[in-house]
Amino acid sequence: LPTLLSARNRRPYIAGQGIRLRRMLPEEAARLMGITIVGARWNAAKAAGFSEDQLFAAVAGSVDRRMVDAMVDIARQRDVFDGHDSIRYGSLFSGAFDAFFEGWRRTGMGVAHCMAVEIDPKRRAVLQAAYDPTVVLNTVEAAVFAARAGGLPKVDVLTASPPCNMVSQARRVRSKDKEREDAKAMEEMVGYFSAIGAVSEAVEARVVMIEESDGLRGRYQAVLSAINGVLSELPFAWHHGAIRAEDLGACHRRSRLGWV
């Protein structure tokens, strides 16, 4: 049987009988993640000039479909949207394939994509082509500024997948200066979650969904505590914990932290 050889945060090899055959294709990674990238999103990615490596990274950096569905189910159990057949949706750190948006569409509700924030121009182009959000911003800092100025649309659901490169277990190179690296991780992650909080209150979100690397539960316990402190100051009742893809029926062992 063919197997996958890990390449530490790069496209893994498909191997047979111990021989490397080829790199995994983005389409194959998408199937493992339960993500559909055909149609408008695929065409937009090609038009934006994605290389195979860039497209693989966009897929692999997304959220597994089964994880998204589990988090959406938790949100819907709170009866926040009883009697509603449509919602207004916004996302921060949206990525090229807005997995949470797709998750809410799978509920059968009407979902209007009102806001997206994505710093990468190629991924932003895919978002605009596939979903045509009402407002598209380049950075979360711009979103916070717009929120404070009253320039963002109101949304019912706000989602966020902040960058995890500082705390991910898949990170390839770590600094020898542990104290300095930990301080940088603290500054970045607390900044991301503070921005999520500021935007969520400004847009009057009724549900907030956040996913982040499970690496926070290892070396970065202090960062995780600080993040939970930031979230505890917001007017929400949080449901949070670790979600493992394999426990939800996926054939990979990715583990993520989720807050709803």
Side-chain angles (χ1 to χ4, degrees), residues 25-48 50 54-78 80-81 84-118 120 122-137 153 155-164 196 200 203 205-212 243-245 248-252 254 256-260:
L25 298 174
E27 303 94 309
E28 293 168 329
R31 286 199 294 272
L32 287 178
M33 298 279 285
I35 299 171
T36 302
I37 59 173
V38 297
R41 288 184 290 180
W42 178 263
N43 293 336
K46 291 297 185 181
F50 273 84
Q54 289 171 332
L55 189 53
F56 180 89
V59 171
S62 187
V63 191
D64 185 274
R65 172 179 178 150
R66 286 142 292 218
M67 292 182 175
V68 169
D69 289 347
M71 293 176 71
V72 170
D73 285 345
I74 290 170
R76 297 187 75 198
Q77 288 169 12
R78 298 297 181 96
V80 176
F81 299 122
H84 293 73
D85 57 9
S86 63
I87 61 170
R88 299 164 299 176
Y89 174 93
S91 59
L92 305 175
F93 314 102
S94 307
F97 310 110
D98 197 332
F100 283 116
F101 179 75
E102 293 295 331
W104 280 99
R105 284 213 295 202
R106 285 192 291 273
T107 66
M109 301 178 73
V111 188
H113 206 314
C114 299
M115 179 184 72
V117 179
E118 172 55 47
D120 184 271
K122 291 182 178 180
R123 298 184 184 192
R124 198 163 57 245
V126 175
L127 280 170
Q128 290 176 304
Y131 303 121
D132 192 23
T134 307
V135 174
V136 181
L137 297 173
V155 303
D156 301 304
V157 175
L158 181 70
T159 68
S161 299
C164 64
I196 294 168
S200 68
V203 300
R206 302 171 70 185
V207 169
V208 178
M209 304 170 67
I210 310 169
E211 69 86 26
E212 187 49 81
I243 307 172
R244 298 200 314 167
L248 301 174
C251 56
H252 57 96
R254 183 178 227 179
R256 308 292 284 177
L257 296 182
W259 291 262
V260 179

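We're numbering straight along the sequence, starting at 1.
- Ile210 contributes atom CD1, which lies 9.0 Å from atom CG of Leu92 (distance to the nearest 0.5 angstrom).
- Minimum interatomic distance between Asp64 and Ala250 (heavy atoms only, all atoms of both residues): OD2-CB, 4.1 Å.
- Under the rule for a side chain to side chain contact (heavy atoms under 4.5 Å, CB included), the partners of Ala29 that lie at least two apart in sequence or sit in another chain are Met24, Phe56, Val59.
- What you find for Leu127 and Ala96 is that their closest heavy atoms are CD2-O, 4.0 Å.
- Pairs passing the salt bridge (charged side-chain N to carboxylate O under 4.0 Å, His left out) check and including a residue from residues 107-116, sequence neighbours excluded, do not occur.
- By the salt bridge (charged side-chain N to carboxylate O under 4.0 Å, His left out) test, Arg254 is found to be paired with no residue, residues two or more places apart in sequence or in another chain being considered.
- Using a 4.5 Å heavy-atom threshold, the side chains of Val208 and Ile196 count as touching.
- With sequence neighbours excluded, the residues satisfying salt bridge (charged side-chain N to carboxylate O under 4.0 Å, His left out) with Arg256 are Glu211.
- Shown here are the salt bridge (charged side-chain N to carboxylate O under 4.0 Å, His left out) partners of Arg206, two or more places apart in sequence or in another chain: there are none.
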Q: Starting from the C-alpha separation in whole Å, work towards a yes-or-no answer on side chain to side chain contact (heavy atoms under 4.5 Å, CB included) for Asp98 and His113.
A: CA-CA 10 Å; Asp98 197 332; His113 206 314; 3.0 Å; yes
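- Between Met209 and Val157, the shortest heavy-atom contact is SD-CG1, 4.3 Å.
- Remark: the His84 side chain and the Asp156 side chain contain no N/O donor-acceptor pair separated by less than 3.5 Å.
- Under the side-chain hydrogen bond (donor to acceptor under 3.5 Å, both in side chains) criterion, Arg244 pairs with Glu246, Asp247, sequence neighbours left out.
- Note: Gln54 CD to Asp120 CG = 7.5 Å, rounded to the nearest 0.5 Å.
- The side-chain hydrogen bond (donor to acceptor under 3.5 Å, both in side chains) check on Glu28 picks up Arg22, with sequence neighbours excluded.
- Side chains of Met115 and Leu158 form a contact here, defined as non-hydrogen atoms less than 4.5 Å apart.
- The distance from atom OH of Tyr131 to atom OG of Ser91, rounded to the nearest 0.5 Å, is 9.0 Å.
- Side-chain contact check for Met33 versus Val63: every heavy-atom pair is 4.5 Å or farther apart.
- The minimum heavy-atom distance between Arg124 and Leu137, with the atom names listed, is CD-O, 4.0 Å.
- Take Phe100 and apply the ring-ring contact (aromatic ring centres under 6.0 Å, His included) test, not counting sequence neighbours, and it matches no residue.
- Taken from CG in Leu32 to CZ in Arg65, the straight-line distance is 14.0 Å, to the nearest 0.5 Å.
- Residues that satisfy the side chain to side chain contact (heavy atoms under 4.5 Å, CB included) test with Ala48, not counting sequence neighbours, are Phe50, Lys122, Ala125.
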Run the side-chain donor-acceptor check on residues 67-78: report pairs under 3.5 Å with partners two or more places apart or on a different chain.
from	atom 1	to	atom 2	distance (Å)
Asp69	OD1	Arg106	NE	3.1
Asp69	OD1	Arg106	NH2	2.9

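- When the side-chain hydrogen bond (donor to acceptor under 3.5 Å, both in side chains) test is applied to Trp42, no partner is found at least two apart in sequence or on another chain.
- Taken to the nearest 0.5 Å, the SG atom of Cys114 stands 9.5 Å off from the CD1 atom of Ile87.
- The heavy-atom pair separating Pro162 from Glu212 by the smallest distance is O-OE1, 3.1 Å.
- By the salt bridge (charged side-chain N to carboxylate O under 4.0 Å, His left out) test, Arg31 is found to be paired with no residue, residues two or more places apart in sequence or in another chain being considered.
- Listed for the Ser94 side chain is a donor-acceptor partner under 3.5 Å among the backbone atoms of Val117.
- Put simply, the side chain of Thr159 does not reach to within 4.5 Å of the side chain of Phe101, judged on heavy atoms.
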